[in-house]
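Below you'll find the structure, written out as structure tokens, and then a few comments.
Convention: sequence-line order gives letters A, B, ...; per-chain numbering from 1.
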2 protein chains.
Amino acid sequence: MDVDTRLLRYFLAVAQEGALTRAAERLHVSQPALTKQIRQLENLLGVRLFVRSRTGMALTEAGRTLADRAPALLAAWEQALRETRETASRAARVLRVGFLASAANEATQRIIAAFSLRRPGWRVDMRQAAWTDPTAGLADGEVDVALVRLPFPGQDALRVRVLFTEPRWVALPEGHPLATRDQIRFDELWDEPFVAAPAETGAWRDYWLATGERRGRAPRIGAVTDQPDDWLNAIANGYGVALAPESAARFYARPGIVYRPVTGVSPSQVAVAWTPSAQNNPVVQDFVHCCLENTPPPHDQPA
Amino acid sequence: MDVDTRLLRYFLAVAQEGALTRAAERLHVSQPALTKQIRQLENLLGVRLFVRSRTGMALTEAGRTLADRAPALLAAWEQALRETRETASRAARVLRVGFLASAANEATQRIIAAFSLRRPGWRVDMRQAAWTDPTAGLADGEVDVALVRLPFPGQDALRVRVLFTEPRWVALPEGHPLATRDQIRFDELWDEPFVAAPAETGAWRDYWLATGERRGRAPRIGAVTDQPDDWLNAIANGYGVALAPESAARFYARPGIVYRPVTGVSPSQVAVAWTPSAQNNPVVQDFVHCCLENTPPPHDQPA
DNA sequence: TGCGTGTATAACCTTCTGGCATGGATGTGG
DNA sequence: CCACATCCATGCCAGAAGGTTATACACGCA
């Protein structure tokens with residue numbers, strides 16, 4: 001009786017959403033594909049998991065039983081996966097470092113150099129993560145340690161140390177009325193369309209839309225992108241504006257886009273993060289120390 | 001990162017056998033198929049799990065890590081599967097009963113009738129198991145309770161009550177020199193070719209070859225079968241002889257085959273078995289009581 | 001040199017999965 | 001009362017994946 005973790009993920013999504021249509025959306029597959037997969041899972045087990053109705057899909061008792069156990073199964077698999085990868089990188093003397101585009105920026109060079117001095121036999125494998133994964137691969141076990149920006153979903157399950165903070169600016173298309181101003185109040189941007197991160201990034205998306213600083217007004221979404229390049233294009237083409245760390249003005253300068261300081265939004269925090277299981281990995285800890293020693297002050301307190 | 005339990009099973013088989021060729025045999029797939037699957041698993045994880053050599057496949061450190069965790073993952077899945085199916089059958093008021101061909105024989109009718117009286121609202125779903133599964137579906141969660149013969153592999157993980165015992169006889173082709181004898185000593189059969197169960201049935205196969213009563217002499221295998229019909233044909237066609245419970249003489253009588261009593265082999269035990277998790281399932285316990293009350297004596301002690 | 005024991009590759013077939021378009025059932029609002 | 005929105009199910013097609021057989025390649029050994 002062989003099952004794919006994919007089937008379990010699909011099943012859980014339907015169980016949680018209570019409807020094929022919404023679950024399909026969340027999973028980025030078409031609704032007919034989900035219909036077929038769920039039916040196949042039921043056939044495989046020989047058990048009806050849902051009762052169908054016009055209002056959606058409701059779990060049967062048996063479905064409830066499976067839905068209760070599936071999350072632990074998936075988590076156990078993820079855990080085994082992480083540990084396997086960690087063993088591999090340790091055996092090969094490779095430290096896998098994930099980073100978000102424009103996370104630590106110029107500090108990165110210094111950190112790597114310092115780490116190379118401290119661990120001469122080790123190689124550093126830098127991996128840039130897509131924006132859809134604000135943990136930069138840490139959640140999947142793709143990397144041992146990551147340079148990230150706070151806050152992000154799942155942050156509580158990881159160990160985090162803040163390295164420094166940086167003001168958030170706004171990126172505007174060149175011809176925008178506000179583009180000539182030296183400084184902009186955030187409330188002036190409330191009604192602007194924003195270029196946003198995909199919905200599945202949750203708290204991350206909200207943070208860069210600054211929903212907390214809008215006094216309850218919903219943001220307008222002009223476009224959704226998940227890569228730096230798409231993001232820049234969307235802004236340059238006038239689909240919307242976007243908040244970005246100050247350093248983006250240097251690292252993502254491009255004709256057609258201007259960056260301006262914004263008041264009234266909290267600064268962005270750059271941090272180094274690792275998994276609890278790497279707490280006792282001396283190489284990871286060495287890297288963390290190199291981060292702390294090669295970035296400007298406010299990195300005393302854990303976040 | 002989606003994985004199939006099949007991939008984990010394949011991986012474990014190769015890890016345990018230390019060679020693709022032998023593992024492929026055990027898994028009943030071709031060696032090239034296994035080669036591809038293992039490579040795919042490695043690509044999926046981005047980790048080398050084995051070092052290849054002419055002498056076989058040796059686990060890497062990372063492979064060792066995964067091999068240590070995989071059995072628990074598979075067991076957890078099997079457990080969830082069993083519980084889900086059990087919930088389903090309980091909700092539908094169906095008791096799924098597995099049985100081996102010729103397990104309880106004539107007693108079966110009485111047991112079912114008694115159970116129907118005790119649990120009027122319930123339906124009994126009888127499922128005959130293939131000989132390749134001496135647990136009659138209990139191990140996979142296909143059934144809630146099973147009528148089996150002892151001993152079988154995995155018996156210790158289940159709850160078992162012996163119902164009665166039955167002498168083992170021998171089934172011979174009609175023209176066989178011993179076919180005219182009233183009674184046969186087992187040592188007279190030591191050099192006969194036997195019709196055996198498939199190798200993967202382990203202790204079950206050994207029991208019906210009576211390897212324990214051969215004083216260390218290896219049995220001769222004349223044919224391997226996994227269905228009653230094949231088994232009867234193999235014997236009738238003279239590929240070998242086979243031990244069988246006395247009742248087979250009634251239930252599997254057929255021209256070309258004679259059954260004769262054998263001395264020097266222990267009797268076969270017929271038992272009812274259930275999983276530890278069904279220990280508190282009152283319906284299963286009712287069925288067990290019906291078994292005990294509708295079979296001849298020696299069912300006082302748990303086996 | 002030929003054989004046995006390993007793994008890898010090639011060519012081919014079948015099954016599975018996903019996407020799109022569409023159908024059927026059932027409420028809901030103008 | 002009809003048009004529309006919201007569900008899930010079905011049919012059809014393309015591409016990917018798993019399986020099989022035949023064969024290649026590497027090596028130790030008689």
Side-chain angles (χ1 to χ4, degrees), chain A residues 1-60 62-63 66-67 70 74 77 132 198-200, chain B residues 1-60 62-63 66-67 70 74 77 199-200:
Chain A
M1 184 60 39
D2 286 317
V3 187
D4 206 313
T5 53
R6 178 174 38 82
L7 274 177
L8 288 183
R9 289 192 299 108
Y10 284 11
F11 164 72
L12 268 185
V14 176
Q16 287 164 3
E17 297 287 345
L20 281 176
T21 318
R22 283 190 299 282
E25 212 165 302
R26 190 169 109 187
L27 295 168
H28 300 118
V29 295
S30 68
Q31 168 263 312
L34 242 196
T35 296
K36 278 190 282 195
Q37 292 300 307
I38 295 297
R39 181 185 303 283
Q40 165 167 342
L41 180 61
E42 290 182 330
N43 288 342
L44 211 56
L45 308 193
V47 167
R48 270 281 275 283
L49 299 170
F50 296 97
V51 286
R52 278 82 166 161
S53 74
R54 39 221 132 296
T55 72
M57 311 269 285
L59 283 170
T60 61
L66 185 59
L74 291 176
W77 162 244
T132 44
E200 64 262 33
Chain B
M1 185 59 42
D2 286 317
V3 187
D4 207 311
T5 53
R6 178 174 36 82
L7 274 174
L8 289 183
R9 288 191 301 108
Y10 284 10
F11 165 72
L12 269 184
V14 176
Q16 286 164 4
E17 296 288 344
L20 282 177
T21 319
R22 282 190 299 281
E25 213 165 303
R26 189 169 111 186
L27 295 167
H28 300 117
V29 295
S30 68
Q31 168 263 313
L34 244 196
T35 296
K36 276 196 287 193
Q37 292 301 307
I38 296 297
R39 182 187 302 284
Q40 166 168 342
L41 180 61
E42 290 184 329
N43 288 342
L44 210 56
L45 308 193
V47 168
R48 269 281 275 284
L49 299 170
F50 295 98
V51 285
R52 277 84 165 157
S53 72
R54 40 218 128 298
T55 72
M57 312 268 287
L59 284 169
T60 60
L66 185 59
L74 291 176
W77 162 244
E200 65 262 33

- Message: Quick one, L74(A) and L12(A) - any side-chain contact, counting heavy atoms below 4.5 Å?
- Response: yes
- Looking only at non-hydrogen atoms, find the nearest pair between L44(A) and D2(A) and report the distance. CD2-O, 3.3 Å
- Message: For a quick test of reading the model, state the closest non-hydrogen atom pair linking L41(B) to L49(B) and the distance between them.
- Response: CD2-CD1, 3.7 Å
- Message: What I'd like to find out is whether the side chain of M57(A) reaches to under 4.5 Å of the side chain of L34(A), using heavy atoms alone.
- Response: no
- Close approaches to DNA chain D from residues 39-60 of chain B, in residue order (heavy atom, under 4.0 Å): Q40(B), R54(B)
- Query: Where the side chain of R22(A) meets the backbone of E17(A), is there a donor-acceptor pair that is under 3.5 Å apart?
  - Reply: yes
- Message: Among residues 8-19 of chain B, which ones have heavy-atom contacts with DNA chain D below 4.0 Å?
- Response: Y10(B)
- Where do A13(A) and R26(A) come nearest, in terms of heavy atoms and distance? CA-NH2, 3.8 Å
- Query: What is the distance from NE2 of H28(B) to P of dT21(D), rounded to the nearest Å?
  - Reply: 14 Å
- Note on the structure: Whole-Å distance, I38(A) CD1 to dC8(D) C1', equals 12 Å
- Message: When you measure from the side-chain N and O atoms of R6(B) to the phosphate of dA17(D), is any distance below 4.0 Å, counting only OP1 and OP2?
- Response: no
- Whole angstrom is fine here: how far is it from CG in L7(A) over to C1' in dC16(C)? 11 Å
- Message: Checking T21(B) against E25(B): is there a side-chain donor and acceptor pair closer than 3.5 Å?
- Response: no
- Query: Does the side chain of Q37(B) reach to within under 4.5 Å of the side chain of V29(B), using non-hydrogen atoms?
  - Reply: no
- Query: Hey, is the side chain of R22(B) poking within less than 4.0 Å of OP1 or OP2 on dT5(C), counting only N and O atoms?
  - Reply: no
- Nearest-Å distance for atom pair CG/C1', residues D4(B) and dC16(C): 12 Å
- In whole Å, what is the span from the CG atom of L20(A) to the P atom of dG19(C)? 14 Å
- Task: Spell out, as yes or no, whether a donor-acceptor pair under 3.5 Å connects the side chain of E42(B) to the backbone of F50(B).
- Result: yes
- Note on the structure: What residues 29-37 of chain A contributes to the DNA chain D interface at heavy-atom separation below 4.0 Å is Q31(A), P32(A), T35(A), K36(A)
- For the residue pair R39(A) and K36(A), establish whether any side-chain heavy-atom pair is separated by less than 4.5 Å. no
- Item | Smallest separation among heavy atoms of F11(B) and I38(B), with atom names | CA-CD1, 3.8 Å
